Amino acid sequence: NRAFAIFEDYQAREWVGQDNGLFEYVDDSLRRPTVCYPALKSRVEEIAQLADSILVVGTKLHGVLLLKNGEHTQIDQSAGLSSNMVKKIHIDDKGYIWVGTSRGLNRICLMPGGDFSIKKYRMGSGLPSDEITDIISDEEYIWVSTKKGLACFPKEDIVPRHKCKPILQYVKV
């Protein structure tokens with residue numbers, strides 16, 4: 001099967017995302033995790049990990065899954081994600097999970113007790129397109145590539161810098 005994501009976690013375990021789910025590479029073979037939720041049997045596009053060892057898995061049909069110690073949390077459209085079709089995942093230095101989908105950019109903030117909040121960004125927020133192709137950040141800025149161009153905005157302002165000012169064509173009195 002085709003692999004879409006390969007990731008080595010903090011425990012040196014190797015994960016592979018394929019069109020038929022998430023696998024761990026052990027002893028020259030691919031094995032499903034011991035606890036395998038139905039959503040983990042669908043196409044896995046992205047794999048990342050938070051500082052507290054939560055594995056973040058982006059799927060093509062079921063949004064984002066957070067996995068740790070046999071427990072899971074699913075974040076999908078019903079929970080506020082802009083789309084269940086995850087294309088990219090990026091974790092910034094502050095621990096925010098940035099999720100690029102076919103319908104915009106999402107910033108997931110995990111809170112104590114397992115709660116989370118989602119902030120969505122779309123073309124109306126200043127993105128050139130809602131279809132996200134990549135995400136990266138440094139200490140100050142989030143860089144987002146889309147099907148129609150690149151956007152850069154300060155993490156604190158959360159408003160893209162390239163947002164256009166209105167141009168008046170004419171005024172009629």
Side-chain angles (χ1 to χ4, degrees), residues 3-18 22 39-40 43-68 71-165:
F4 294 94
I6 298 172
F7 182 79
E8 184 176 0
D9 69 15
Y10 298 140
Q11 293 80 30
R13 294 171 22 184
E14 296 171 339
W15 297 97
V16 178
Q18 293 187 326
L22 180 69
L40 287 177
R43 182 167 155 173
V44 172
E45 290 281 320
E46 285 282 296
I47 306 167
Q49 190 172 33
L50 293 163
D52 62 358
S53 296
I54 293 175
L55 199 64
V56 182
V57 180
T59 70
K60 195 68 166 180
L61 298 173
H62 301 285
V64 175
L65 292 160
L66 307 176
L67 309 171
K68 186 173 181 182
E71 300 287 321
H72 85 289
T73 301
Q74 185 171 349
I75 302 174
D76 57 12
Q77 278 183 277
S78 66
L81 201 65
S82 63
S83 171
N84 287 337
M85 296 180 72
V86 173
K87 293 182 168 256
K88 287 292 175 180
I89 291 177
H90 172 72
I91 299 172
D92 71 15
D93 58 346
K94 294 185 179 183
Y96 290 123
I97 304 168
W98 295 88
V99 180
T101 71
S102 58
R103 293 187 184 157
L105 179 68
N106 304 262
R107 184 187 72 179
I108 301 173
C109 176
L110 299 181
M111 295 176 268
D115 289 334
F116 58 87
S117 66
I118 300 174
K119 175 111 173 135
K120 296 184 237 184
Y121 307 94
R122 300 192 63 177
M123 285 178 61
S125 306
L127 292 175
S129 166
D130 285 338
E131 192 165 350
I132 308 302
T133 57
D134 209 352
I135 309 162
I136 194 164
S137 68
D138 59 23
E139 293 176 3
E140 296 180 50
Y141 295 97
I142 292 289
W143 296 84
V144 182
S145 68
T146 72
K147 288 286 185 178
K148 293 187 178 177
L150 181 67
C152 171
F153 53 96
K155 288 182 187 178
E156 300 306 317
D157 293 346
I158 308 299
V159 177
R161 287 198 304 167
H162 83 285
K163 194 167 183 176
C164 299
K165 296 179 180 177

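Below, each value reflects all heavy atoms present in this structure, side chains not excepted, and no hydrogens, waters or symmetry copies. Because the structure is a prediction, the values reported are computed rather than measured.
Across every non-hydrogen atom of Ser117 and Met111, the tightest pair is N-CE, 3.5 Å. The two residues Val57 and Ile89 come nearest to each other via the heavy atoms C-CD1, 4.0 Å. Considering every non-hydrogen atom in both Ala79 and Phe116, the closest pair reads CB-CZ, 3.8 Å. Here the closest non-hydrogen pair linking His62 and Gln74 is O-NE2, 3.1 Å. The minimum heavy-atom distance linking Ser82 with Gly104 is given by the pair OG-O, 3.8 Å. The two residues Gly95 and Leu50 come nearest to each other via the heavy atoms O-CD2, 3.7 Å.
Taking 4.5 Å as the limit, some side-chain heavy atom of His72 sits within range of a side-chain heavy atom of Leu67. Contact annotation: the side chain of Trp143 never approaches that of Asp134 to less than 4.5 Å [non-hydrogen atoms, C-beta and beyond]. A heavy-atom distance below 4.5 Å is found between the side chains of Asp138 and Glu140. Residues Val99 and Ile75 fail the side-chain proximity criterion, which asks for heavy atoms closer than 4.5 Å.
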From CA spacing to verdict: side-chain contact (heavy atoms from CB on, under 4.5 Å), Glu46, Lys88 = CA-CA 6 Å; Glu46 285 282 296; Lys88 287 292 175 180; 3.8 Å; yes

Evaluate side-chain contact (heavy atoms from CB on, under 4.5 Å) for Asp9 paired with Gln49, printing each intermediate quantity in order.
-> CA-CA 7 Å; Asp9 69 15; Gln49 190 172 33; 3.1 Å; yes

Residues Ile108, Val56; criterion side-chain contact (heavy atoms from CB on, under 4.5 Å); working and verdict = CA-CA 11 Å; Ile108 301 173; Val56 182; over 6 Å; no

Start with the C-alpha distance between Leu127 and Ile132, add both sets of side-chain angles, then the distance that settles side-chain contact (heavy atoms from CB on, under 4.5 Å), and finish with yes or no.
-> CA-CA 9 Å; Leu127 292 175; Ile132 308 302; 4.0 Å; yes

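The environment of Gln11 atom CD is dense: over 12 non-hydrogen atoms of other residues, nucleotides or ligands sit within 6.0 angstrom.
The distance from atom CG of Leu22 to atom CG of Leu65, rounded to the nearest 0.5 Å, is 9.0 Å. Separation of atoms OG (Ser137) and NZ (Lys94) is listed at 10.0 Å; rounding is to 0.5 Å. Residue Glu139 holds its CD atom at 6.5 Å from CG of Asp93, rounded to the nearest 0.5 Å. Separating the NE2 atom in His90 from the CD1 atom in Ile136 is a distance of 6.5 Å, to the nearest 0.5 Å. Between the CD1 atom of Ile142 and the SG atom of Cys152 there is a distance of 9.0 Å, given to the nearest 0.5 Å. To the nearest 0.5 Å, atoms CD (Gln18) and CZ (Phe4) are separated by 9.0 Å.
In this structure a side-chain-to-backbone donor-acceptor pair under 3.5 Å is present from Arg122 to Arg103. Between the side chain of Asn84 and the main chain of Gln77, a donor-acceptor pair closer than 3.5 Å is present. In this structure, Thr133 contributes its side chain and Lys147 its backbone to no donor-acceptor pair below 3.5 Å. Asn106 contributes no side-chain N or O that, together with a main-chain N or O of Leu81, makes up a donor-acceptor pair within less than 3.5 Å.
Ring geometry, Phe153 versus Trp98: the interplanar angle exceeds 60°, so the pair is classed perpendicular (tilted spans 30 to 60°).
Applying side-chain contact (heavy atoms from CB on, under 4.5 Å) to Phe7 and the options Val16, Val44, Ile47 leaves one that passes, Ile47.
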